[in-house]
There are 2 protein chains.
Amino acid sequence: MQTSARVTIGDVARTAGVSVATVSKVINERYGVSAATSAKVKAVVAELGYETSLVARSLRGSRTNVIGVLVPGFEPFSTELLKGISDAVAETDYELLAYSPSTPSDRAVGWEHRSLARLSGTLIDGAIMVTPTIVGADTHVPVVAIDPHTGPQGLPTVDADSATGAFDATTHLAGLGHRRIAYLGGRPDLESARLREEGYRAALESAGIPFDPDLTRVGAYHAPTADGPLHELMTLADRPTALFAANDLSAIRAVEVARELGLRVPEDLSIVGFDNVPESALVDPPLTTVQQPMHQMGAEALRMLLDLLAGVERDAHLRLPTSLVVRASTAPPAPPAPPAPSL
Amino acid sequence: MQTSARVTIGDVARTAGVSVATVSKVINERYGVSAATSAKVKAVVAELGYETSLVARSLRGSRTNVIGVLVPGFEPFSTELLKGISDAVAETDYELLAYSPSTPSDRAVGWEHRSLARLSGTLIDGAIMVTPTIVGADTHVPVVAIDPHTGPQGLPTVDADSATGAFDATTHLAGLGHRRIAYLGGRPDLESARLREEGYRAALESAGIPFDPDLTRVGAYHAPTADGPLHELMTLADRPTALFAANDLSAIRAVEVARELGLRVPEDLSIVGFDNVPESALVDPPLTTVQQPMHQMGAEALRMLLDLLAGVERDAHLRLPTSLVVRASTAPPAPPAPPAPSL
DNA sequence: GTCCGTGTCGAAAACGTTATCGATAACGAT
DNA sequence: ATCGTTATCGATAACGTTTTCGACACGGAC
């Protein structure tokens, strides 16, 4: 039906009565072709609707003017970054290619390296990798990592100040009077998750609250893996009165689980998230959370990449500040429940 | 620095002491290679960290197991669609490539066709195009269009019921008692914009309100282009008491412009949007809007595309229902302003 | 000892493009 | 009339794959 054969540079050459070399020249505006033939070729190109194949051009040449963004998926975090990158790239003459592996084997550890190897030979001039778990390796295009596994080392990186953000979040809860503050971690293999737990602990200590290992659980930054740990936490004999979740997706799930368990938020349980994805303001109650400047992180990452491509020397690591946004999911703890609650 | 040359199939062949043909066979698990050589080649592949080049493979073969999504940019609408597509593709063995042209020339009319031609030769097995303005054309891969220019004709399409959605939105305003209801249109070249105006007019008629051409303006579905028309509308001698904007981005901008002009929303001006992008709930006041099932639209589009690829016959056009979500940006009109307002 | 099948492998073409470089024609200068 | 210069153009190699097909060796069967 719609499947007509692709029109190639050869077709253009044939119907224009010139060689493929000449067609290539007029397309790329190289020197050495007369005005007359140039016009004729252009006419044929327009008539046939010819477009040069990105694939073939990539295979042959070295520059493609395309930069790739490797994302583990299109969850809110990646999406916000993409917007920042996209806005920044709009001012350049590069194009954007977002690539997300989806086969189970690819999603396993090492997906970044595999994808990168597949694309950089050479479909893309450079890449931005979101949440890479492997970051060393020898790539042969410039790469900037956002929120990487290993923290600032090796590749140029952009991330947010997770430790301080987590410290602020936990301190906020402590300041409201909470003493039993639980922590739901993120993927333990991620530097950001490690730093957030660090900030959580530091805040506890600074508030004079002893660290209780029983109040921390580990998730994986998304809803399904948070379920079990959340149930455990909320059905503890000595239930925590507050919860700090390592990212918004987990925190949002926490709100849901609390509701399923008959707990009121924030009266029975205060909840703080991390990221400030758009969704966090939509849940009921709207989430108190730590804002990561995702848009800006994306834009900065692109800027670093462009500098790399241009050969400009720059600081290899950029850490952007976070800020606490207080909404309605946090409140002072209820007074210790009397055996027979009065109405 | 990190720029080491790419390791090719030739390198593997050389160090393994076999031919490139043999390497290719073991990689693709073709018949005709002994267990011994296969093992040796696999060892070398692992040692050298070889990955087959997507570009070269695409150029040669016909299938790539990659489907492309062509988006005009990463604004909220495209992003929500992407999530739906991504979730659906995760259950298949395809991979996702989101492509967004960014050079000014590409963003001009016809970007879709150009991009498609560039990618389908053949980087991708099929494509989903978001908001294509040109939709006929002879592509040589299956394509599904979301919210296209020309409406359901030609290419398989997925869209939302814009006419009914707009009708409901306008009727909601009329039901609140508004008589002077302005309309800020979207890109006039888009079928969806046309249908929304149609719904707006039908609702006016059904409510017995005469259509006033002076109360409709045209925008382009995004903030910058909405500014002028919005100012005109809001500074009219006989100011409208309600505004229906053809998409949320315009509506959100309308809220801002109203505030700049000293108008209170919804007391002085009720505003309704279209799309229900996540941001619409974040503005102050939260936007009353028409929900498009964007996530579902993306998923359905992918499903159609997969059927096309598999050669399954299907209905070529899918129109999903919309629903009105009432939030705080709409209210009954204030009583006709008395010359000296009382407090 | 010859013949034929079977199993294993490699040479080479092809995909669509760009870059290099040699060939040809036109033309002014001697 | 011959030469050198310039402008224009085309043949061809190369990019990294996959696929086709022929070559070859090794068996066993006659």
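Note on naming: letters A, B, ... go to the chains in the order of the sequence lines (proteins, then strands), and numbering restarts at 1 for each one.
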Can you pull out every salt bridge (Lys or Arg N to Asp or Glu O under 4.0 Å) where at least one residue sits in [range]? Sequence neighbours excluded, please.
| range | answer |
| --- | --- |
| residues 12-22 of chain A | A:D11-A:R14 |
| residues 34-55 of chain B | none |
| residues 294-309 of chain A | A:E300-A:R303, A:D307-A:R314 |

ask   = At what angle, to 10 degrees, do the two end axes of the helix from C:dG1-D:dC30 to C:dT30-D:dA1 meet, given five pairs define each axis?
value =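 That helix has its two terminal axes inclined by roughly 70°.
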
ask   = Side-chain donor or acceptor of A:R60 under 3.5 Å from a matching atom on the base of C:dT18?
value =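 Indeed, a donor on one side and an acceptor on the other fall under 3.5 Å apart.
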
query = Is B:T131 reaching over with its side chain to a backbone N or O of B:P148, donor-acceptor style, under 3.5 angstrom?
reply =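 No.
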
How would you list, by chain and number, every residue that makes a side chain to side chain donor-acceptor pair (under 3.5 Å) with [X], sequence neighbours excluded?
| X | result |
| --- | --- |
| B:T8 | none |
| A:E75 | A:S78 |
| B:T52 | B:R57 |
| A:T79 | none |

request  = Nearest whole angstrom, please: distance from the P of C:dT17 to the CZ of A:R14.
outcome  =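 Those two atoms, CZ and P, are 12 Å apart.
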
task = Could you check which of C:dT17, D:dG16, C:dA19 has an atom nearest any side-chain atom of B:L59?
result =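 So the nucleotide nearest the side chain must be D:dG16.
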
Shorter than 3.5 Å, N or O on both sides, protein versus nucleotides 8-11 of chain C: list them out with atom names.
from, atom 1, to, atom 2, distance (Å)
C:dC9, OP1, B:T37, OG1, 3.4
C:dC9, OP2, B:S34, N, 2.7
C:dC9, OP2, B:S34, OG, 3.3
C:dC9, OP2, B:T37, OG1, 2.8
C:dG10, OP2, B:S19, N, 2.9
C:dG10, OP2, B:S19, OG, 3.1
C:dG10, OP2, B:T22, OG1, 2.6
C:dG10, O6, B:K25, NZ, 2.9

